[in-house]
Amino acid sequence: MMNTNLYPDDPTDILRSVLQLEDHGLDDSGFRRFTGDTPPQARGRVFGGQVLAQSLLAASMTIDDDRLLHSMHSYFIRPGDAKEPIDFVVESPRDGRSFSVRRVQAWQHGKVILSLTCSFQQPSPGLEHQVPMPEGLPGPEDLPTAADLLGHLDVPVAQEFARARPFDVRHVYPAIYLRPDEQKRPENIAWMKTFTPITFDGPFSSANAQAAALAYASDYTLLEPILRQHGVAWAKRDLSVASLDHSMWFHRPVAVDEWLLYVQESPSAQSARGLGLGRIYTRDGILVATVGQEGMVRLPEFAEQN
């Protein structure tokens with residue numbers, strides 16, 4: 001019998017927890033150091049979006065409040081161990097009149113697991129345009145939740161997806177948790193938001209903390225367009241998928257406790273790698289972020305050919 005007491009009543013509390021970093025101040029090299037924790041994980045590995053969010057929050061804690069996060073570029077170097085704390089080391093290469101750059105390295109067991117560079121800007125007037133949001137899509141209220149689709153399965157990973165993710169994610173196309181999409185297409189669209197309103201208190205801009213939380217959610221489904229195009233479900237036996245890098249551009253301030261539309265596509269897959277690109281919109285059509293990620297995608301039928 002499933003023990004649902006293992007999961008919080010409010011899954012968004014998990015996000016609040018991981019974004020509570022311990023500040024150790026400056027080290028002998030003049031770098032700022034922080035430590036963060038990981039909630040229990042069914043697979044024992046740290047969710048990549050968590051390390052992104054914690055790294056961005058650590059960087060934000062070294063920035064003046066009037067400078068907002070506008071871009072980040074990162075590499076996932078090693079899998080994270082969910083049973084151990086993560087140390088974050090922040091370097092400050094530049095603070096100019098309008099822009100500030102930070103480098104963050106996440107460490108475990110004496111080795112770097114993530115390397116990230118991000119940039120902050122004091123907002124300035126200038127040209128504006130955006131790609132419009134797709135029209136005619138069903139609203140989130142008309143779509144099933146992960147708990148609706150997976151909550152009945154007495155499988156740790158399925159229960160984690162159903163009850164221990166801080167964001168409510170609802171797929172516009174049929175979800176591919178258990179079976180492939182009958183219509184092969186190199187795109188994926190999902191609504192997402194935190195389950196409950198979230199506020200941030202600390203030595204950082206609330207807008208930057210919201211951006212860090214958005215980075216957390218941006219890692220959920222970005223490789224799904226690759227799987228959809230080739231008729232693959234997450235439950236496929238011996239499927240191996242891992243994020244290799246992650247870039248993100250933050251165009252406008254965002255509130256992660258309001259519904260956001262995540263529109264994704266994959267322009268290419270090759271050499272056991274695939275590229276996912278995404279645009280994130282508010283419900284009223286404002287483009288708040290653009291995302292790119294390359295991932296390793298290994299299927300057992302190809303491994304058998306080697």
Side-chain angles (χ1 to χ4, degrees), residues 2 4 7-15 47 49 130-155 157-198 210 213-236 248 251-266 276-291 293:
M2 289 180 288
T4 58
Y7 306 103
D9 293 334
D10 179 5
T12 303
D13 283 344
I14 295 172
L15 179 63
F47 171 53
Q130 68 162 66
V131 175
M133 184 173 75
E135 299 180 349
L137 299 176
E141 297 84 2
D142 299 321
L143 300 170
T145 67
D148 293 333
L149 299 172
L150 299 172
H152 64 287
L153 297 175
D154 192 6
V155 178
V157 172
Q159 286 298 305
E160 185 173 273
F161 274 52
R163 307 181 192 281
R165 281 185 156 188
F167 282 78
D168 185 354
V169 179
R170 306 188 184 191
H171 289 79
V172 171
Y173 303 139
I176 58 170
Y177 297 125
L178 303 176
R179 57 188 61 87
D181 190 344
E182 293 181 358
Q183 180 179 336
K184 295 181 178 180
R185 46 191 150 200
E187 61 181 352
N188 184 64
I189 303 177
W191 291 97
M192 61 184 186
K193 74 174 185 66
T194 56
F195 285 92
T196 54
I198 187 166
Q210 293 280 346
L214 184 63
Y216 185 110
S218 72
D219 191 34
Y220 275 144
T221 58
L222 193 49
L223 299 181
E224 286 195 6
I226 303 163
L227 303 183
R228 287 184 183 275
Q229 169 71 2
H230 296 278
V232 177
W234 286 109
K236 181 178 176 66
M248 196 164 182
H251 309 308
R252 299 166 180 89
V254 64
V256 295
D257 57 1
E258 298 177 0
W259 283 113
L260 300 166
L261 186 71
Y262 199 0
V263 181
Q264 306 155 341
E265 62 179 346
S266 176
L277 302 175
R279 303 189 306 275
I280 302 176
Y281 295 89
T282 64
R283 193 163 190 174
D284 56 356
I286 304 301
L287 181 64
V288 294
T290 300
V291 195
Q293 181 183 97

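- Proximity of a side-chain donor or acceptor of Arg163 to a complementary backbone N or O of Gly151 within less than 3.5 Å is detected.
- Ring orientation note: the planes of Phe161 and Tyr177 are nearly perpendicular, at an angle over 60° on the 30°/60° scale.
- To the nearest 0.5 angstrom, Asp142 atom CG is 11.5 Å from Leu137 atom CG.
- In terms of heavy atoms, Leu261 sits closest to Pro134 at CD2-CD, 4.4 Å.
- For the residue pair Glu187/Tyr173, the side-chain donor-acceptor check at 3.5 Å is satisfied.
- The main-chain N or O of Leu260 is never found under 3.5 Å from a side-chain atom of Thr282 such that the two would form a donor-acceptor pair.
- The distance from atom CD of Glu265 to atom CZ of Arg279, rounded to the nearest 0.5 Å, is 6.5 Å.
- Of the N and O atoms on the side chains of Ser266 and Gln229, not one donor lies less than 3.5 Å from an acceptor on the other residue.
- Residue Arg165 holds its CZ atom at 7.5 Å from CD of Glu160, rounded to the nearest 0.5 Å.
- In this structure, CH2 on Trp191 lies 11.0 Å from CZ on Arg170, to the nearest 0.5 angstrom.
- Judged by distance alone, with hydrogens and angles left aside, the side-chain atoms of Thr145 form a donor-acceptor pair with the main-chain N or O of Asp148 at under 3.5 Å.
- With a 6.0 Å radius and a threshold of 12 heavy atoms from other residues, nucleotides or ligands, Arg179 has its CZ atom at or below the threshold.
- Using a 4.5 Å heavy-atom cutoff, the side chains of Leu214 and Phe167 are not in contact.
- Proximity of Ser218 to Tyr262: side-chain heavy atoms (C-beta onward) are separated by under 4.5 Å at one or more points.
- Interatomic distance, Leu143 CG to His171 NE2, rounded to the nearest 0.5 Å: 10.0 Å.
- Using a 4.5 Å cut-off on side-chain heavy atoms (C-beta onward), Ile176 and Asn188 make no contact.
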Requested in this report: Apply side-chain contact (heavy atoms from CB on, under 4.5 Å) to Tyr7 and Ile14, showing your working.
Outcome: CA-CA 10 Å; Tyr7 306 103; Ile14 295 172; over 6 Å; no
Requested in this report: Decide side-chain contact (heavy atoms from CB on, under 4.5 Å) for Ile280 and Met248; before the verdict, give the C-alpha distance in whole Å, the side-chain angles of both, and the deciding distance to 0.1 Å.
Outcome: CA-CA 11 Å; Ile280 302 176; Met248 196 164 182; 4.2 Å; yes
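- Summarising the geometry, atom CD belonging to Gln159 is positioned 9.5 Å from atom NE2 belonging to His152; distances are rounded to the nearest 0.5 Å.
- Formation of a donor-acceptor pair under 3.5 Å by the Gln264 side chain with backbone atoms of Leu223 is not found in this model.
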Requested in this report: Before giving the answer on side-chain contact (heavy atoms from CB on, under 4.5 Å), spell out for Gln210 and Ile198 the whole-Å C-alpha distance, their side-chain angles and the decisive distance to 0.1 Å.
Outcome: CA-CA 9 Å; Gln210 293 280 346; Ile198 187 166; 4.3 Å; yes
Requested in this report: Could you walk me through whether Leu153 and Leu178 pass the side-chain contact (heavy atoms from CB on, under 4.5 Å) test, one step at a time?
Outcome: CA-CA 11 Å; Leu153 297 175; Leu178 303 176; 3.8 Å; yes
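- Between the Gln293 side chain and the Leu222 main chain, no donor and acceptor come within less than 3.5 Å of each other.
- Atom CG of Asp9 is surrounded by 12 or fewer heavy atoms from other residues, nucleotides or ligands within 6.0 Å.
- Ring pair Tyr220/Phe47 is parallel by interplanar angle, where below 30° counts as parallel and above 60° as perpendicular.
- Residue Glu141 places its CD atom among more than 12 non-hydrogen atoms of other residues, nucleotides or ligands, all under 6.0 Å distant.
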